[in-house]
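One structure is given here, and the rest of the page talks about it.
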Amino acid sequence: MTWECRDCYKTFAAWRSREQHLDATGHRPLDYICRCCKSVNPDEQARREHETESHNYCPECKREFHTANNLKMHLRSRIHRGKGIMCPFCKTGYATATGLAHHLEGGSCKQASFLNRDEVYKVVRSKDPTGVISKKLIGWHGSSSYEATDSTWNGSSYECYFCHRAFRNLNSLNQHLNSPIHQQALYHCPNRMNCGREFKTLAAVMNHLESESCAFARFETVQNTVGDIVSGNRRLTFG
C-alpha cells in the first residue's frame, strides 16, 4: 500500500511521509474517498476493498446492500454477469447454471419441448455414472403422476392429500401436484460428508452449490460444470 502526491505523482510507503512532503511542497494529495463513510484510501483497489468489506457497496450501481450475501447475489446476477450461459437448443442466455436448469426442467425450451425434470435427470445420470450429484435410483421409471378431482373439496378449499395445503381452485391444486414438490429426490449435494442434502431438481442442487453454503465448489466452478451436462460427452466433475 502506497500514498501518492496528486501533483508530482511521487509515492510514499507511509501516510505520514506523504503528509510531510505535502507540507514542504504545497502539493495536493491523491486520495480515494470512500463513497459511503468518506474515509481516505490510498488507491482505487483499497477503496473498493474497503467499500465491499465495510459497506457491502457496489460502485458500478452505486448501491449499498444490507448484508454481504445480498451484495454477493447482486454481483452474480445478470446485471453484472450478463447472460453468458446459453441453452444449447434455443440459444437463450442465462446468468447462472440455476437459470438454465429451470429453463430445461420446466419444459420452457421451444426447441426441446421433450425435456422435463425426468429427461434432464436421465441426461445427468448418463454423464454422472459415479453419482457425484445424481442419485442411483434402482427401479426408477419416472415421476409419479397425480390428478386431483372435485372430491378434494373439503368444504372451504381444495386440499392436497399429501401436505394438506389448501387451494382456492382445482387447477391450482393440480399445478401443485404436477410440480416436483411431492416427487422423489433425484439429486444430492456432492459434499456427502458435511452436507448430504437431497434435491428434487437439478436447478435446486445447482442453486445450493452456487450459494457456496456447504463450501464444496466455488460459484464459477458450478457455472463451468453445467456446460459438461448440456454439451459434449464429458463426464460430470467439479474440478
Side-chain angles (χ1 to χ4, degrees), residues 69 72-73 76-78 81 83-147 160 162-163 175-239:
N69 187 63
K72 180 171 69 174
M73 298 304 293
R76 291 174 178 176
S77 70
R78 67 181 60 188
R81 290 183 54 83
K83 300 178 181 180
I85 298 179
M86 308 298 292
C87 172
F89 304 103
C90 68
K91 307 308 178 185
T92 301
Y94 293 89
T96 64
T98 296
L100 176 58
H102 272 303
H103 169 71
L104 297 175
E105 289 182 304
S108 302
C109 183
K110 295 180 180 179
Q111 300 300 320
S113 57
F114 62 91
L115 284 176
N116 54 33
R117 187 184 86 111
D118 290 1
E119 294 303 317
V120 170
Y121 170 71
K122 292 175 185 177
V123 172
V124 175
R125 279 297 298 148
S126 70
K127 297 185 178 234
D128 185 26
T130 60
V132 176
I133 64 170
S134 59
K135 297 183 65 177
K136 298 179 181 180
L137 302 176
I138 306 301
W140 181 83
H141 300 294
S143 298
S144 300
S145 178
Y146 305 106
E147 184 176 1
C160 175
F162 298 104
C163 65
Q175 288 179 348
H176 167 76
L177 291 172
N178 289 322
S179 75
I181 194 166
H182 294 305
Q183 298 293 340
Q184 185 174 10
L186 303 180
Y187 304 93
H188 57 77
C189 175
N191 189 0
R192 300 190 194 185
M193 294 292 293
N194 299 313
C195 180
R197 285 185 59 187
E198 294 189 344
F199 303 91
K200 296 178 180 180
T201 64
L202 179 64
V205 71
M206 287 292 162
N207 186 60
H208 168 70
L209 292 171
E210 285 175 347
S211 73
E212 300 180 0
S213 59
C214 69
F216 180 82
R218 299 301 299 270
F219 177 85
E220 290 300 335
T221 301
V222 180
Q223 310 315 304
N224 295 333
T225 299
V226 78
D228 297 340
I229 296 175
V230 300
S231 62
N233 296 315
R234 292 183 59 187
R235 289 191 174 186
L236 184 64
T237 65
F238 281 90

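Because the structure is a prediction, the values reported are computed rather than measured.
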For Val205 and His188: C-alpha separation, side-chain torsions, deciding distance, then whether side-chain contact (heavy atoms from CB on, under 4.5 Å) applies. CA-CA 7 Å; Val205 71; His188 57 77; over 6 Å; no

In Å, rounded to the nearest 0.5 Å, how long is the span from NE2 of His208 to CG of Asn191? 7.5 Å

Residue pair His103 / Tyr94, side-chain donor-acceptor N/O under 3.5 Å: yes

N/O donor to acceptor pairs below 3.5 angstrom from side-chain atoms of residues 193-202, sequence neighbours left out:
| from | atom 1 | to | atom 2 | distance (Å) |
| --- | --- | --- | --- | --- |
| Glu198 | OE1 | Lys135 | NZ | 3.3 |
| Glu198 | OE2 | Lys135 | NZ | 3.0 |
| Lys200 | NZ | Ile181 | O | 2.3 |
| Thr201 | OG1 | Ala204 | N | 3.0 |

Can you classify the ring geometry of Phe162 versus His182 as parallel (below 30°), tilted (30 to 60°) or perpendicular (above 60°)? tilted

Can you tell me how far the CG atom of Leu137 sits from the OH atom of Tyr187, to the nearest 0.5 Å? 10.0 Å

Given Val222, Leu209, Asn207, the one that forms side chain to side chain contact (heavy atoms under 4.5 Å, CB included) with Thr98: Asn207

Using 0.5 Å steps for rounding, measure from the CD1 atom of Ile85 to the NZ atom of Lys83. 13.0 Å

Between Leu177 and Gln183, the two heavy atoms sitting closest are O-NE2, 4.4 Å

Contacts satisfying salt bridge (Lys or Arg N to Asp or Glu O under 4.0 Å) that involve residues 208-220 (not counting sequence neighbours) are Arg76-Glu212, Arg81-Glu220, Glu212-Arg218

Under a 3.5 Å distance rule, please check whether Asp128 uses its side chain to pair with a backbone N or O of Ile133 as donor and acceptor. yes

OG of Ser108 to NE2 of His102, rounded to nearest 0.5 Å, is 10.0 Å

From CZ (Arg117) to OG (Ser179), nearest 0.5 Å: 9.5 Å

Not counting sequence neighbours, which residues clear side-chain hydrogen bond (donor to acceptor under 3.5 Å, both in side chains) with Asp118? List them please. Ser143

Tell me the closest heavy-atom pair linking Ala203 and Glu105, and the distance in Å. N-OE1, 3.0 Å

Verdict with reasoning, Ser134 to Arg125, per side-chain contact (heavy atoms from CB on, under 4.5 Å): CA-CA 6 Å; Ser134 59; Arg125 279 297 298 148; 3.0 Å; yes

